[in-house]
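We're numbering straight along the sequence, starting at 1. Quick caveat: nothing in here was measured; it's all calculated off a predicted structure. First listed ligand is number 1; within each ligand, the first listed atom is number 1.
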Amino acid sequence: MAQIVVLGGGFGGVVAATALRNKLGREHKVILIDKKQDHLFTPSLLWLIVDERKPEKIQRDLNVLNKKGIEYINAEIQRVHPTNKTVSTSTGEVRYDYLIISLGAEVVRDVIPGYRDGINFYCLKGAEVLRDELKSFKGGKIAVVVASTPFKCPAAPYEAALLIDAYLSKKGIREKTEIAIYTPETLPMPVAGPVLGNTVKELLEKRGISFNPQKKLVSMENREISFEGGEKFKADLIAWVPPHRSPAVVRDSGLTNETGWIPVDGKTMKTQFEGVYAIGDITANKLPSGMMLPKAGVFAHGQAEVVANNIAAEISKTGELKEFDGQGYCFLEMGQGIAGFASGNFYAEPKPLVNLKNPGRLWHWGKVAFEKWWLWKWF
Ligand SMILES: Cc1cc2nc3c(=O)[nH]c(=O)nc-3n(C[C@H](O)[C@H](O)[C@H](O)COP(=O)(O)OP(=O)(O)OC[C@H]3O[C@@H](n4cnc5c(N)ncnc54)[C@H](O)[C@@H]3O)c2cc1C
């Protein structure tokens, strides 16, 4: 009997555990550990901030996994011991034969002076605060600020700005509002190349949203946002993406490299430790272009399927091994009932080959359908 332990019940973890459960006989045990009790479908946070979703509609209880034959442990993971193949948690020690780490990226707010003046819409609580602030907003200056790279979902800050624009237009106060994006990036979604980046930039400009690239955030005290070099912007409302880092447990366990993330083989998602795989946002996955694979659920999902397939093939000694091929896609929600759709091969050489389909209603409904499918498929 093999015991496979999956760390994290987010995008990668839930897919990996479910795929393993479906592929392996019940004599093998699949365990999933997460400190949270609910799985959150993060892409819908963007609809939540403009009051188009309710929190309970975009979350699922991880206890449902128990009914599918996956043992879900609600605990804080405190240490990974790859040499003796155990994991320490707040509820005890767990042994593994195979370990899949999908612990994601965490945000760290208090490294920026005045961080309390910004609303972190990358979590449920912050998204709800932003929704309430937007509801009572009467006009003024709104800043969407990306503190640093890398950050999850390279499209999300741009989607947030476009959705806020559409929401305020509907409310009839767009004319009284200035919306500005500040980011350290050179272009939106730079890993996807300059054609896509410039298209998104033009889309923003058409909607009267100013795009301010190469701005390194220093502080936001009293809603006065300061950037390296001395530039300032006094905002009435700040929606921000705080700096990201890997969870302390993987750094303390010596699993990360100089990037602060877990290095992996980009095709097999194997780490340097025997039987230990890492997938999703927690990985440092260098592309042929020298840039890193973006942190997005679509990659966590694809990598989870590959890892689950390969572990099951190794245990059952049947089936073919697979490799993750770098394919990815993303809906770019724009409000007004329309969205764009970017897709391509991020492992292409010498650089990713990604294109953006013309925005339209079809892609918006595609994203809605994907949300429904995700919450049905895995829960
Ligand atoms: C606003 C927003 C919109 C997004 N939109 C999209 C999109 O449209 N498309 C897309 O592809 N991606 C999108 N993403 C990105 C996507 O959410 C992430 O890339 C994806 O969730 C990564 O999956 P993961 O399994 O690596 O980590 P996560 O899904 O973050 O899961 C990590 C899990 O580990 C748990 N955990 C962490 N540390 C511990 C610990 N010490 N002990 C116990 N449990 C722990 C956490 O509770 C969490 O449940 C979006 C993200 C945001 C914030």
Item to check | Pair H81-S88, side-chain donor/acceptor within less than 3.5 Å | outcome: yes

Item to check | Contact partition for A75 relative to ligand 1, non-hydrogen atoms under 4.0 Å | outcome: backbone

Checklist entry - Cationic tip of K367 within the cone over W47's six-membered ring, i.e. under 6.0 Å and within 45° of the normal? => result yes

Next on the checklist: Is it the case that ligand 1 has an N or O less than 3.5 angstrom from some N or O of P247?
Outcome noted: no

Checklist entry - Quick one: does NZ or CZ of K295 land under 6.0 Å from the six-membered ring centre of W261, within 45 degrees of the ring axis? => result yes

Next on the checklist: Applying side chain to side chain donor-acceptor pair (under 3.5 Å), can you list everything that pairs with E76, at least two apart in sequence or on another chain?
Outcome noted: none

Checklist entry - Heavy-atom contacts under 4.0 Å between A300 and ligand 1: side chain, backbone, both, or neither? => result side chain

Checklist entry - Should the proximity of E76 to ligand 1, defined as any heavy atom under 4.0 Å, be assigned to the side chain, the backbone, both, or neither? => result both

Checklist entry - Who's the nearest protein heavy-atom neighbour of atom 3 (C) of ligand 1, and how far? => result T42 O, 3.6 Å

Checklist entry - For I77 and ligand 1, does the shortest N/O to N/O distance drop below 3.5 Å? => result yes

Next on the checklist: If the condition is side chain to side chain donor-acceptor pair (under 3.5 Å), which residues does E221 pass it with, not counting sequence neighbours?
Outcome noted: none

Item to check | Donor-acceptor pair between D61 and Y72 side chains, under 3.5 angstrom | outcome: no

Next on the checklist: Quick check: C153 and ligand 1, any N/O pair under 3.5 Å apart?
Outcome noted: no

